[in-house]
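Below is one structure; the comments refer to it alone.
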Amino acid sequence: MAQKAAPVVFMAPALIFLVVYLLYPLVSSFRLSFVNWNGLGDTAEFVGLDNWVRLMHDSVFWHSAWNNILLALFSIIIQLPIALVLAVVLDEASKGSRILKILYFIPLLMSSVALGVLFKNIYDPNFGPINSILDAMGLYGWAHDWLGDPRYALGSVIAVVLWQNIPFYMVLFLAGLASFPREITEAARLDGATQTTIFWRLKLPHLQGTFRTAVLLATIGSMRYFDLIYVMTEGGPENASQVMASYMYKQVFASFELGYGTTVAAAMFIIITVIAAVAFRLSKRFETEV
């Protein structure tokens with residue numbers, strides 16, 4: 001009995017933590033999605049599926065979900081390849097590699113709020129360095145109100161998000177490359193293999209598991225992103241850079257519609273779960289094919 005009870009005893013603190021801080025809020029979110037409540041007092045009104053019907057016809061929410069999907073796609077096709085290239089370069093570098101690793105890791109160490117304020121000033125249409133450089137080069141037609149124009153707002157914030165998170169995936173790929181046996185590399189070089197051949201034929205297949213993890217993390221992280229985008233644009237202008245998390249925040253804390261806001265949160269959970277499952281299956285299929 002003691003041997004059987006020991007695992008339960010050791011797992012109990014973690015299980016209690018998961019129930020209190022994960023399972024209960026999740027169940028509570030789905031429960032609140034069936035009520036109309038401003039979050040103040042005890043006057044919650046049960047409305048059944050009205051919030052969900054409203055969500056199905058909410059064009060702003062679906063536009064926000066599409067923006068999250070775009071962020072995830074750009075994270076996979078731009079952010080991960082750049083991080084992989086940096087990891088390979090730093091893995092092969094000998095002199096100064098530690099200094100370069102520290103320099104490349106700096107964006108991830110910065111606060112998202114501070115970074116958002118910094119890039120708001122960089123993108124400023126009147127005094128920002130981007131437009132000033134373009135004007136100095138005579139490219140007056142290229143200068144825009146980057147965060148105030150609906151055509152450029154989403155792309156501008158996505159660029160900052162990708163730049164901030166590249167170091168994380170770079171470190172992830174560096175860890176994967178560090179586990180690659182050096183003996184295999186030396187043997188391949190003795191057989192006349194070039195650095196390019198070693199990477200494509202040996203190191204890249206070795207990184208398949210790491211790449212699958214990176215794809216999952218990039219997908220899930222992009223679908224729930226909030227802080228930097230909200231600081232830079234608050235989802236504007238005209239909801240051009242709105243994402244699901246910022247839309248949920250506005251519904252709960254700006255419009256005081258806690259019932260509908262939790263409906264958005266519950267829908268986020270469902271969408272993220274489905275997309276993460278699909279991404280996992282696709283990445284696993286790619287791994288087996290290679």
Side-chain angles (χ1 to χ4, degrees), residues 67-68 70-134 136-137 142-144 146-147 152-180 195 199 203-204 207 209-235 241 243 245-246 249:
N67 287 344
N68 278 110
L70 288 177
L71 177 58
L73 290 175
F74 281 110
S75 297
I76 294 173
I77 65 177
I78 296 178
Q79 186 173 248
L80 297 188
I82 294 176
L84 179 59
V85 171
L86 291 175
V88 172
V89 171
L90 292 177
D91 184 62
E92 295 294 334
S94 54
K95 296 181 180 180
S97 60
R98 291 185 179 181
I99 298 176
L100 289 175
K101 289 176 183 178
I102 295 173
L103 291 176
Y104 289 148
F105 201 72
I106 287 177
L108 194 63
L109 300 178
M110 297 179 65
S111 165
S112 295
V113 175
L115 201 62
V117 174
L118 173 64
F119 273 91
K120 281 185 71 173
N121 293 324
I122 292 175
Y123 282 127
D124 188 277
N126 299 315
F127 308 104
I130 294 180
N131 282 354
S132 298
I133 293 173
L134 292 174
M137 297 174 62
W142 290 26
H144 301 287
W146 300 100
L147 299 180
Y152 306 108
L154 181 63
S156 299
V157 296
I158 286 180
V160 181
V161 173
L162 299 184
W163 176 78
Q164 183 192 22
N165 291 284
I166 282 175
F168 173 79
Y169 298 102
M170 179 192 73
V171 172
L172 191 65
F173 288 127
L174 276 172
L177 290 170
S179 65
F180 185 76
Q195 288 292 110
F199 172 74
K203 291 186 177 182
L204 189 60
L207 289 174
T210 305
F211 196 83
R212 183 174 65 180
T213 302
V215 168
L216 287 176
L217 292 175
T219 302
I220 296 173
S222 299
M223 298 303 295
R224 53 192 291 272
Y225 206 85
F226 169 73
D227 45 9
L228 194 147
I229 293 178
Y230 189 81
V231 171
M232 292 182 67
T233 64
E234 296 186 7
S241 61
V243 290
S246 62
Y249 180 87

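What you see below is based on every heavy atom in this structure, not just the backbone, and it leaves out hydrogens, waters and symmetry mates. Positions are given from 1, in the same order as the sequence printed here.
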Tell me the closest heavy-atom pair linking [X] and [Y], and the distance in Å.
X: Leu115; Y: Pro107; answer: CD2-O, 4.5 Å
X: Phe199; Y: Val88; answer: CE1-CG2, 3.5 Å
X: Gln164; Y: Met110; answer: NE2-O, 3.8 Å
X: Ala83; Y: Met170; answer: CB-N, 3.6 Å
X: Val231; Y: Val117; answer: CG1-N, 3.9 Å
X: Ile76; Y: Pro81; answer: O-CD, 3.2 Å

### Task
Apply side-chain contact (heavy atoms from CB on, under 4.5 Å) to the pair Leu228 and Phe119, showing each step before the final yes or no.
CA-CA 10 Å; Leu228 194 147; Phe119 273 91; over 6 Å; no

Would you say [X] and [Y] make side-chain contact, with heavy atoms under 4.5 Å?
X: Val89; Y: Tyr104; value: no
X: Val160; Y: Tyr123; value: yes
X: Phe74; Y: Val161; value: no
X: Val243; Y: Tyr225; value: no
X: Asp91; Y: Phe180; value: no
X: Ile229; Y: Leu154; value: no
X: Leu84; Y: Leu204; value: yes

### Query
Hey, is the main chain of Ser222 close enough, under 3.5 Å, to the side chain of Asn68 for a donor-acceptor pair?
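The answer is yes, because a donor-acceptor pair under 3.5 Å joins these two groups.
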
### Whether Tyr249 and Phe226 hold their rings parallel, tilted or perpendicular, with breakpoints at 30° and 60°
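Tyr249 and Phe226: tilted rings.
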
Can you tell me how far apart [atom1] ([X]) and [atom2] ([Y]) are? Round to the nearest 0.5 Å.
X: Leu207; Y: Leu177; atom1: CG; atom2: CG; value: 4.5 Å
X: Tyr169; Y: Leu162; atom1: OH; atom2: CG; value: 10.0 Å
X: Leu71; Y: Met223; atom1: CG; atom2: CE; value: 9.0 Å
X: Leu80; Y: Asn165; atom1: CG; atom2: CG; value: 10.5 Å
X: Asp124; Y: Ser132; atom1: CG; atom2: OG; value: 8.5 Å
X: Ile122; Y: Trp146; atom1: CD1; atom2: CH2; value: 13.0 Å

